Amino acid sequence: MSYAVEKQLAEVAKTIKKILSVAELPAIEIANSKFDADFALPCFTLARDLHKKPQEIAEQIVVGLNHPVIAKAEAKAGFVNLWLSDSALGSALGEIVTKPTYGAQKLLDKQKILIEVYSTNPFKDLHIGHAYNSIVGDTLANIFKLGGADLHRVSYGGDVGLHVGKSMWAILRYLEGDISKLDVVKSGDRPAFLSRMYVEGAGQYEEDSIIRQQIDVLARQSFVQDDAFFKQVYEICRQWSFDYIHKMIKKMGSQLAEREYWENEADKLGRQIVETHIGDVFERSEGAIVFKGETYGLHTRVFITSHDTTLYEARDLGLMQLKEQEYNPDKSYYLTAEEQRDYFKVVLKAAQLSLPELKDKSVNISTGTVKLSTGKMSSRTGKVVNIEGLFKELSEALKARGAEEDNLQAGIVGALRYAMLKVRIGGDIIFDINESISLEGNSGPYLQYAHARGRSILAKLADSSSTEKSSSSSSHPRLDWESSKKKSSLLTGSPIGVGDDETGEKTFVDFTADEHKLAIKVLEYPTITAKAISELAPHHICNYLYELTQQFNRFYEHNRIIGDPRQNQRAELVNSYCQVLENGLGVLGIPAPERL
RNA sequence: GCGCCCGUAGCUCAGCGGAUUAGAGUACUUGGCUUCGAACCAAGGGGUCGCAAGUUCGAAUCUUGCCGGGCGCACCA
């Protein structure tokens with residue numbers, strides 16, 4: 001995707017190359033915000049090639065540069081500082097309204113990408129770490145999509161193994177052979193019930209060696225499932241879990257996976273892969289089947305235990321194979337916590353050797369650990385925070401601050417997602433519930449508020465213009481003031497808009513300093529999306545949107561929109577701003593309600 | 001012990017394919033609502049960018065070595 005500003009700058013770069021008669025030019029950067037300029041060209045690398053001082057080169061460019069896109073150029077400290085002309089700015093802004101997907105890129109065009117958006121274990125509780133992982137997964141999926149990828153969301157559920165044995169042991173004990181006892185558990189209580197059962201089984205496993213043996217038997221049963229009663233109970237409870245997981249995923253503002261893989265189905269395939277490669281990839285050791293990673297600078301891991309059950313390692317191989325068969329993707333992304341980083345390297349190496357057709361399609365992105373700051377929440381519960389408890393806390397805090405009931409959910413999602421997405425993926429994240437629900441400063445609600453504020457101005461304008469005129473209410477109220485004007489050249493949008501051709505009325509004739517600043521910030525969006533896509537870094541979008549809304553709030557503070565002689569132009573500008581903000585929030589999975 | 005990740009303002013973090021005068025939020029101090037939403041804006045104090053060398057005209061950013069913290073290293077997921 002090539003946006004107007006990009007094209008304009010490319011033209012300027014061409015001109016500068018001519019002035020210096022060089023073939024290559026460093027990138028024209030967005031100027032540091034502490035300087036007044038829009039863009040800057042550093043001349044330091046040029047200095048080496050041309051054997052001149054950077055400042056001399058900068059001055060040479062300034063003297064020679066005469067381009068309609070550039071209103072002003074200045075040489076300072078080895079940089080050429082550049083200001084965009086009003087006409088260039090105006091035509092670039094027009095794109096935002098005409099392209100609803102403004103910000104989308106083609107960096108990943110035609111790539112088929114698979115991403116595991118959540119990997120949860122049924123039977124166990126969902127805690128804040130699951131929330132973080134799934135929110136990051138969902139947002140990365142949005143970013144891949146923004147990059148033009150053929151994106152597929154999948155998930156993986158651990159429905160076999162020891163943890164299932166632990167849960168099932170406690171559940172079966174509770175039932176005492178009578179499955180109708182499950183009916184007593186009301187649907188709202190099911191997650192808590194399952195969570196209690198798991199905790200009970202896990203506790204007994206540690207304490208009692210006889211129970212441990214019973215649990216081991218049940219764990220094996222989760223694979224084979226040849227006991228009818230076990231199977232019946234297992235399937236009901238697993239369904240309860242998945243219903244709950246789906247509910248929570250949606251509540252966090254994330255999308256469900258289009259294909260949900262279960263360990264159950266990856267198990268057989270995984271075992272088969274391991275067993276057919278004993279000798280060339282895997283080897284027997286102390287009764288288990290292992291992969292010796294030391295040969296490759298990694299460590300040894302067990303794939304099939306000495307009790308002849310598969311481990312996560314083997315099942316992951318099966319999963320990779322399954323994904324390959326069903327999707328044949330170009331890239332397949334796995335999101336894991338950092339403690340799984342080295343684990344994943346081993347599995348990937350084993351996969352590379354035993355399944356060469358996978359090549360290096362699988363990529364692991366590791367996130368840090370979610371830690372709670374020592375707030376009242378962690379001290380009260382004393383342990384990991386259950387995800388529903390988190391929702392409750394967020395909801396109460398928002399209500400206490402006077403949030404409208406209708407938009408409570410939007411606020412919760414905004415606060416939670418933004419708090420988790422605004423920092424770089426990879427490091428540990430210190431989650432402070434009080435800070436995350438704070439409506440002030442660099443927060444989700446700040447952005448949502450700033451959006452609602454802008455929309456409310458536009459709505460007000462739409463109202464006044466529709467009451468003045470015979471009210472033929474448009475389906476797009478926020479563009480109503482447009483109807484009172486002639487079709488603006490902004491909306492037709494000359495492609496490159498260098499302003500040579502001054503035919504027709506321009507919505508943006510000139511810009512005040514404040515308008516110019518806001519406009520430049522709005523137009524920075526595609527540069528940011530490109531960065532977020534290539535680095536897989538949602539936090540760039542967060543930071544940008546925060547700077548954008550800050551810029552808007554400053555503008556709003558000092559400039560009147562309704563009733564000002566420049567009303568129409570400013571409304572257009574606010575509209576562009578709202579559009580970009582809404583687009584950006586959309587990528588983050590944060591709703592942008594018209595009112596809060 | 002080996003490997004990976006991380007040390008930037010009191011706290012939470014951006015900035016890291018070097019480049020104009022290290023930035024935000026929060027907390028603290030202060031000013032601004034008869035005008036489009038004050039969940040806002042403006043101003044102030046607060047930093048040996050963990051330490052030390054090296055590369056460079058120039059390093060928070062690259063290299064090396066230390067120090068400090070987290071995680072992983074055989075049958076949990």
Side-chain angles (χ1 to χ4, degrees), chain A residues 26 29 31-35 37 40 42-45 47-48 53-54 58 76-79 81 119 121 124 158 161-163 263 285-294 297-307 309-313 315-316 336-343 345-346 366 368-369 371 373 398 401-403 411 419 422-424 426-432 434-435 438-443 445-446 448-450 452-461 539-540 542-543 546-547 549-550 552-564 567 570-571 574 595-596:
Chain A
E29 304 165 350
N32 192 316
S33 59
K34 64 191 166 198
F35 303 105
C43 302
F44 303 96
T45 50
R48 198 169 31 219
K53 286 185 180 158
K76 200 182 151 202
F79 284 83
N81 288 329
S119 43
N121 289 335
K124 284 170 93 171
L162 190 59
H163 71 282
E263 278 193 308
S285 172
E286 295 172 33
I289 302 175
V290 306
F291 172 69
K292 298 261 186 191
E294 281 76 6
L298 304 165
H299 63 268
T300 294
R301 295 203 72 97
V302 174
F303 277 64
I304 296 179
T305 69
S306 47
H307 307 300
T309 55
T310 60
L311 285 180
Y312 210 72
E313 286 81 344
R315 286 171 236 148
D316 259 345
T336 65
E338 69 167 334
E339 56 263 33
Q340 257 114 289
R341 203 182 222 138
D342 289 346
Y343 157 84
K345 281 185 194 161
V346 177
S366 67
T369 315
K371 290 173 178 161
S373 67
L398 280 159
R401 286 163 206 234
K422 75 174 173 182
V423 301
R424 201 163 83 245
D428 284 354
I429 129 157
I430 312 290
F431 193 77
D432 186 324
N434 294 314
E435 196 178 314
S438 141
L439 310 184
E440 290 129 39
N442 193 356
S443 68
Y446 175 99
Q448 290 174 312
Y449 180 78
R453 208 184 202 187
R455 288 290 187 216
S456 123
I457 295 169
L458 300 181
K460 209 155 273 181
L461 273 170
H539 77 282
H540 288 313
C542 293
N543 288 338
Y546 180 63
E547 286 169 14
T549 51
Q550 245 182 343
F552 169 72
N553 280 333
R554 283 175 197 146
F555 178 81
Y556 174 88
E557 196 74 19
H558 303 294
N559 300 278
R560 193 141 180 102
I561 294 146
I562 298 171
D564 190 271
Q567 169 179 311
R570 289 187 172 167
V574 171
R595 287 156 32 104
L596 273 184

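Nothing here was measured: the structure is a model prediction, and the numbers come from that model. Naming convention: chains lettered A, B, ... in sequence-line order (proteins, then strands); numbering from 1 in each chain.
- Distance, A/E547 CD to B/G25 C1': 12 Å, rounded to whole Å.
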Working for side-chain contact (heavy atoms from CB on, under 4.5 Å), residues A/Y546 and A/T549:
CA-CA 5 Å; A/Y546 180 63; A/T549 51; 4.3 Å; yes

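- Residue A/Y449 places at least one side-chain N or O closer than 4.0 Å to OP1 or OP2 of B/A39.
- A/D316 comes within contact range of no nucleotide atom at all, as no heavy-atom separation falls under 4.0 Å.
- Across the interface with RNA chain B, nearest-nucleotide mapping of A/Q340 and A/A40 shows A/A40 to be the residue nearer the 5′ end.
- Side chain of A/R554, nearest nucleotide from B/C36, B/G23, B/C41: B/C41.
- Dashed line: the shortest gap from a side-chain N or O of A/Y343 to OP1 or OP2 of B/C75 is not under 4.0 Å.
- For A/S285 against B/A74, a side-chain-to-base donor-acceptor contact under 3.5 Å is present.
- Between B/C75, B/C71, B/U20, one nucleotide has an atom nearer to the side chain of A/E339 than all others, and that is B/C71.
- Side-chain atoms of A/R301 lie closest to B/A77 of the nucleotides B/A14, B/A39, B/A77.
- Residue A/A450 is out of contact with every strand shown, counting any heavy-atom pair closer than 4.0 Å.
- Look at the C1' atom in both B/C41 and B/A24: the space between them is 16 Å, to the nearest Å.
- Residue A/S285 holds its OG atom at 4.5 Å from NZ of A/K292, rounded to the nearest 0.5 Å.
- Between the CD1 atom of A/I430 and the C1' atom of B/G7 there is a distance of 13 Å, given to the nearest Å.
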For the pair A/E294 and A/T300, evaluate side chain to side chain donor-acceptor pair (under 3.5 Å) and give the outcome as yes or no after the intermediate values.
CA-CA 6 Å; A/E294 281 76 6; A/T300 294; 2.5 Å; yes

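- Straight-line distance between the P atoms of B/G23 and B/G46: roughly 14 Å, to the nearest whole Å.
- The nearest whole Å value for the distance from the NZ atom in A/K345 to the C1' atom in B/C73 is 12 Å.
- Base pairing of B/G23 is made with B/C13, judged by Watson-Crick or G-U wobble geometry with both donor-acceptor distances under 3.5 Å.
- Under 4.0 angstrom from either OP1 or OP2 of B/G25 there lies at least one side-chain N or O belonging to A/Q550.
- Between the side chain of A/K422 and the backbone N or O of A/N442, at least one donor-acceptor pair lies under 3.5 Å.
- Among residues two or more places apart in sequence or in another chain, the salt bridge (charged side-chain N to carboxylate O under 4.0 Å, His left out) test is passed with A/R554 by none.
- Between the CG atom of A/N442 and the P atom of B/C40 there is a distance of 11 Å, rounded to whole Å.
- Taking the P atoms as reference points, B/A60 lies 26 Å from B/G69, given to the whole Å.
- Side-chain atoms of A/R301 never come within 3.5 Å of backbone atoms of A/G293 as a donor-acceptor pair (strictly under, hydrogens ignored).
- Protein atom CZ of A/F555 is 14 Å distant from nucleotide atom P of B/A42, rounded to whole Å.
- Going from atom CZ of A/R595 over to atom P of B/G37 covers 11 Å, rounded to whole Å.
- Under the 30°/60° scheme for interplanar angles, the aromatic rings of A/Y343 and A/Y312 are found to be tilted.
- Residue A/D564 is classed as having no contact, given no heavy-atom separation below 4.0 Å to the nucleic acid.
- Residue contacts for A/V423: at a heavy-atom cut-off of 4.0 Å it reaches the sugar-phosphate backbone alone, with no base atom in range.
- One can place CD1 of A/I457 at 7 Å from P of B/G37, the figure rounded to the nearest angstrom.
- In this structure, of B/C36, B/G37, B/A22, it is B/A22 that holds the atom nearest to the side chain of A/K34.
- When the nucleotides B/G72, B/C75, B/G15 are ranked by their closest atom to the side chain of A/H299, B/G72 comes out on top.
- Contact annotation: side chain of A/E557 to base of B/G32, donor-acceptor pair present below 3.5 Å.
- Contact annotation: A/R453 reaches the phosphate of B/A38 (side-chain N/O to OP1 or OP2, under 4.0 Å).
- Remark: the backbone N or O of A/T369 is paired with a side-chain donor or acceptor of A/D428 at under 3.5 angstrom.
- For the pair A/E338 and A/L311, nearest-nucleotide mapping onto RNA chain B gives the more 5' position to A/E338.
- Summarising the base pairing, B/G45 is matched to no nucleotide, lacking a Watson-Crick or G-U wobble pair whose two defining distances lie under 3.5 Å.
- In the set B/G37, B/A74, B/C41, B/C41 carries the atom at the smallest distance from any side-chain atom of A/Y446.
- In this structure, the CG atom of A/D428 is 11 Å from the P atom of B/G7, given to the nearest Å.
- The side chain of A/S306 lies closest to B/C75, out of B/A38, B/U20, B/C75.
- Within the nucleic acid shown, A/H540 comes within 4.0 Å of sugar-phosphate atoms alone, with no base atom in reach, counting heavy atoms only.
- The phosphate of B/U12 (OP1 or OP2) has no side-chain N or O of A/K422 nearer than 4.0 angstrom.
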Between A/I457 and A/R570, does the side-chain contact (heavy atoms from CB on, under 4.5 Å) criterion hold? Intermediate values first, please.
CA-CA 11 Å; A/I457 295 169; A/R570 289 187 172 167; over 6 Å; no

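- Residue contacts shown for A/R341 are limited to sugar-phosphate atoms, with no base heavy atom under 4.0 Å away.
- In this structure, A/I289 reaches neither bases nor backbone, as no heavy-atom distance under 4.0 Å exists between it and the strands shown.
- At the heavy-atom level, A/L162 lies under 4.0 Å from the strands shown only through sugar-phosphate atoms.
- For A/K371, taking side-chain heavy atoms from C-beta onward, the closest of the listed nucleotides B/A77, B/C4, B/G70 is B/G70.
- Pairing for B/C71 is with B/G3, a Watson-Crick or G-U wobble pair whose two hydrogen-bonding atom distances lie under 3.5 Å.
- Within the nucleic acid shown, A/K292 comes within 4.0 Å of at least one base atom, counting heavy atoms only.
- Comparing B/G15, B/U20, B/C41 against the side chain of A/H558 picks out B/C41 as the nearest.
- Per the stacking criterion (ring centres < 5.5 Å, plane angle < 30°), A/Y556 does not stack onto the base of B/C40.
- The nucleotide whose nearest atom lies closest to any side-chain atom of A/N553 is, among B/G25, B/C40, B/C73, B/C40.
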